[in-house]
Number of protein chains: 2
Amino acid sequence: MHASKRQLHLNLFIMGNGHHEAAWRMEGCRPRDVTKADYYAGLLRTAEQGKLDSLFLADSYALPPTIRYKVLQSLEPFTLLSALAMGTSRIGLIGTASTTYSHPYHVARQFASLDFISEGRAAWNIVTSTNDATAYNFAGERLPDHSERYLRAEEFVDVVRRLWDSWEDEAILADQDQGIYADPERIHAILHSGEHFSVRGPLNLPRPPQGQPVRVQAGASETGKEFAAKLAEVVFTAQNSMADGQLFYADVKARLAKYGRSPEELKILPGFCAIIGDTEAEAKEREVELHRHIQLDYGLHRLSNLFQTDMSAFPLDEPVPVEFLSRQAEVNGHRGRYALYVELARREKLTVRELIRQTASSRGHYSMAGTPVQIADEMEKWWREGAADGFNVMPPYLPAGLEQFVGKVVPELQNRGVFRGEYEGTTLREHYGLLRPANRYGKAGLTVSG
Amino acid sequence: MHASKRQLHLNLFIMGNGHHEAAWRMEGCRPRDVTKADYYAGLLRTAEQGKLDSLFLADSYALPPTIRYKVLQSLEPFTLLSALAMGTSRIGLIGTASTTYSHPYHVARQFASLDFISEGRAAWNIVTSTNDATAYNFAGERLPDHSERYLRAEEFVDVVRRLWDSWEDEAILADQDQGIYADPERIHAILHSGEHFSVRGPLNLPRPPQGQPVRVQAGASETGKEFAAKLAEVVFTAQNSMADGQLFYADVKARLAKYGRSPEELKILPGFCAIIGDTEAEAKEREVELHRHIQLDYGLHRLSNLFQTDMSAFPLDEPVPVEFLSRQAEVNGHRGRYALYVELARREKLTVRELIRQTASSRGHYSMAGTPVQIADEMEKWWREGAADGFNVMPPYLPAGLEQFVGKVVPELQNRGVFRGEYEGTTLREHYGLLRPANRYGKAGLTVSG
């Protein structure tokens, strides 16, 4: 794996009719498609034609209070990704599951099953739930606090990984003559008894094809970054600029050594929302068209929810109250995104209305309107200059925004030799150049893949 | 719906390489296939060619201690059924989820998502977990007792159904011009606060295509039958003989009136394991071949687990200790199956060895070896004489046992006019002649389907 040259990685992040919050109102976007499997299957075929590493579905366990204004983000991830595995053969499938309101036995098992169904293409985006609406769907009480959620998450991940290892790779003998299906000596109870969970094991599925599905994470707080350095293999992050991206990249990569990990063992993928035109003017026109559909009420809801403050109390055309918001920095929630928005508003002296507009495309992720060459230039620059190992590609509107990306930006990156022209492996670990983990219970050493 | 004549229903129950516990050792069975999606996809295509109503996957959340002797029963149901939805267009998909160690928000959402993915073909087999091995994977303590589990199950089902109803059928407007995706007035919090769960809702998915996925159940105890009469739409049951089947059928159907339900609102499907030969002699030879592969150690484990008694303490070739076992009838577990085995042993004066053999095909479900005509005769008889609305078809070995059933028994039933020659509807409710439920939160009346 280390013999082949460094390549850029591209993950497709799909949400509703696209990442721009008004995308669903555009001509060519079909809001009723977001509950149809065929819609996603079509997108995924396009992404696989573009040789993208993976698809990512975000998730939450509560209905947003803004459902009047914005299309649903998708179907449930385990079911949808399993369906999508059947029409594809290479692209990775990254699902989200929360450690706050799920149980490790179910999560370990559903990802293991997805890994079997997709023959080695499953990954788990590890999240902690961050809003009280979710808490009230599960617990009848408010969310546990931020640090408590991360302690639970660490224990959860540890249990899941041990369950994935609970069968050694060679546990199945399938010896029809002797009548021995599996060797019980190679299947291990995990006997976990911790602060949050008590799980005896073993899992009731064999070790999945990748040994362990890939671990993805997107925490941006101090605790989140430390969690990533310790446990994640792919990190999604929202960065406003390449400079911010470089700081984050250096920060997280520097934390790895403490856990005995090398920089290659964790791939950092900032979000990238590209509004693509054959000319710059065409791209800018598309951006204006998207912005024209923005609904202020939705924007105010979105900001109010992030800041946990009623933003309609502030005049729309006066500067964002950054000092007031900074004083609330201890609020229990999306700390990373919270700080990022405050910093953006402070730096660019934005009014509330302008902050709504600037974050409508991609909720704080980097966004640009330009030609395929300009976009490839920007991506290559971030990748070469220590801001990214690749990108979390966030088409602003679907399916056209993805078709433009795959049809025009991907060939540009391929021509430059920075992105694959063909899949070299079959598993998600191979696409990202990540080792297949050794089994803690077995005797085998590391198996190198990809 | 009531205009069309009564038809027999056929559900395909798939488990590992077939229901006979030694099937995986047969030539033509491939034990390594049970973790491959393509294996199941092939079986399901065959079943859909046979116009079967549905596929059923059983499930449990613990590895059987007998994994040495018997192949895994399948992958995880939500993920596997979603994958299977993509290669099929008519056959229903029945998944199992336990109310003891799952949460209603996840279960409601995953079945709703499966119903969208399959365009109206999802059903939930409602179970309570019945062994301590499962408890130790979730709770670090033994199982709650039988009646407590059923109380929890009732509340669980109620919450799930209310979540499915939480969006009215017409809640999505998708009005691109006005920017209104959904009408919040038609989306309802369920505000559930009960003994076991506290769930605010609404669900974060619209009402599924079937309104509510179909409810399936298989309880056989008094509590289980009452639960079925109140809440189930399809019941799977294990019956040793047509006479027993008639008693069960009459018993459960008679309980419906108390809940304001008519007999047609609940379909009863006894398990039926058919060993098929072109001649009776050929069928009997196949049965002998299957029995030849039985492993006594596995059979003793299986009986010991069911009876919660070490059965290896009793001589193999002496009668089953039915008096001893009867005295343990209060044991907390599979009450229905427990009683059925004791009754079978008592009636036929079986030794331990004979009980193992007699239950190896289908774990107490009805089993027969015969020609396609003999099997169709038996099915038609049960169906005409008040023992069944159809059958839970349990091929003893796969894929050949299913191919024989679809290729030979199904045409026989079709020729007799008791089984469909073509699907008439597209949803699982339509196949079973079950009404699409009205939404408790909406104003619409019953919508008749199928």
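Only heavy atoms go into these numbers, but all of them, side chains included; no hydrogens, no water, no symmetry mates. Order of the sequence lines sets the chain letters (A, B, ...), proteins ahead of strands, with each chain counted from 1.
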**Item:** chain A contact via B/K36 - which portion, at a heavy-atom distance below 4.5 Å
**Value:** neither

**Item:** Which atoms of A/S74 approach chain B - backbone, side chain, both or neither, heavy atom under 4.5 Å
**Value:** backbone

**Request:** Classify the ring geometry between A/F197 and A/H103 as parallel (under 30°), tilted (30 to 60°) or perpendicular (over 60°).
**Result:** perpendicular

**Item:** Part of A/L173 lying under 4.5 Å from any heavy atom of chain B
**Value:** backbone

**Message:** If we ignore hydrogens and angles and just use 3.5 Å, is the side chain of A/R152 paired with the main-chain N or O of A/T100 as donor and acceptor?
**Reply:** yes

**Message:** Looking at A/R45 and A/E48, is there a salt bridge between them, counting it only when a charged N and a carboxylate O are closer than 4.0 Å?
**Reply:** no

**Asked** So which part of A/A41 gets closer than 4.5 Å to some heavy atom of chain B, the side chain, the backbone, both or neither?
**Response** side chain

**Message:** At a 4.5 Å cut-off on heavy atoms, which part of B/Q178 comes close to chain A: side chain, backbone, both, or neither?
**Reply:** backbone

**Item:** A/L81 versus chain B, the contacting section by heavy-atom distance below 4.5 Å
**Value:** neither

**Request:** Can you tell which part of B/S193 gets under 4.5 Å to a heavy atom of chain A, answering side chain, backbone, both or neither?
**Result:** neither

**Item:** Proximity breakdown for B/Q110 and chain A, heavy-atom pairs closer than 4.5 Å
**Value:** both

**Prompt:** Contact part of B/I187 toward chain A, heavy-atom cut-off under 4.5 Å: side chain, backbone, both or neither?
**Reply:** side chain

**Message:** Between B/L84, B/D175, B/L114, B/D38, who has the most heavy-atom pairs with chain A when the cutoff is under 4.5 Å?
**Reply:** B/D175

**Request:** Please flag which part of A/A174 lies under 4.5 Å from any non-hydrogen atom of chain B: side chain, backbone, both or neither.
**Result:** both

**Prompt:** Quick one: what part of A/Q73 sits under 4.5 Å from any heavy atom of chain B, side chain, backbone, both or neither?
**Reply:** neither

**Complete:** Honestly, the part of A/N137 sitting under 4.5 Å from a heavy atom of chain B is both

**Prompt:** What part of B/D59 gets closer than 4.5 Å to chain A, counting heavy atoms only: side chain, backbone, both or neither?
**Reply:** side chain

**Prompt:** Taking NZ, NE, NH1 and NH2 as the nitrogens, is one of them in A/R162 or A/D158 under 4.0 Å from a carboxylate oxygen of the other?
**Reply:** yes

**Asked** Does any heavy atom of chain A fall under 4.5 Å from the side chain of B/S118, the backbone, both, or neither of them?
**Response** neither

**Prompt:** Does anything in residues 24-34 of chain A get under 4.5 Å of chain B by heavy atoms, and if so which residues?
**Reply:** A/W24, A/R25, A/M26, A/C29, A/P31, A/R32, A/V34

**Asked** Is there a donor-acceptor contact under 3.5 Å from the side chain of B/N131 to the main chain of B/T134?
**Response** yes

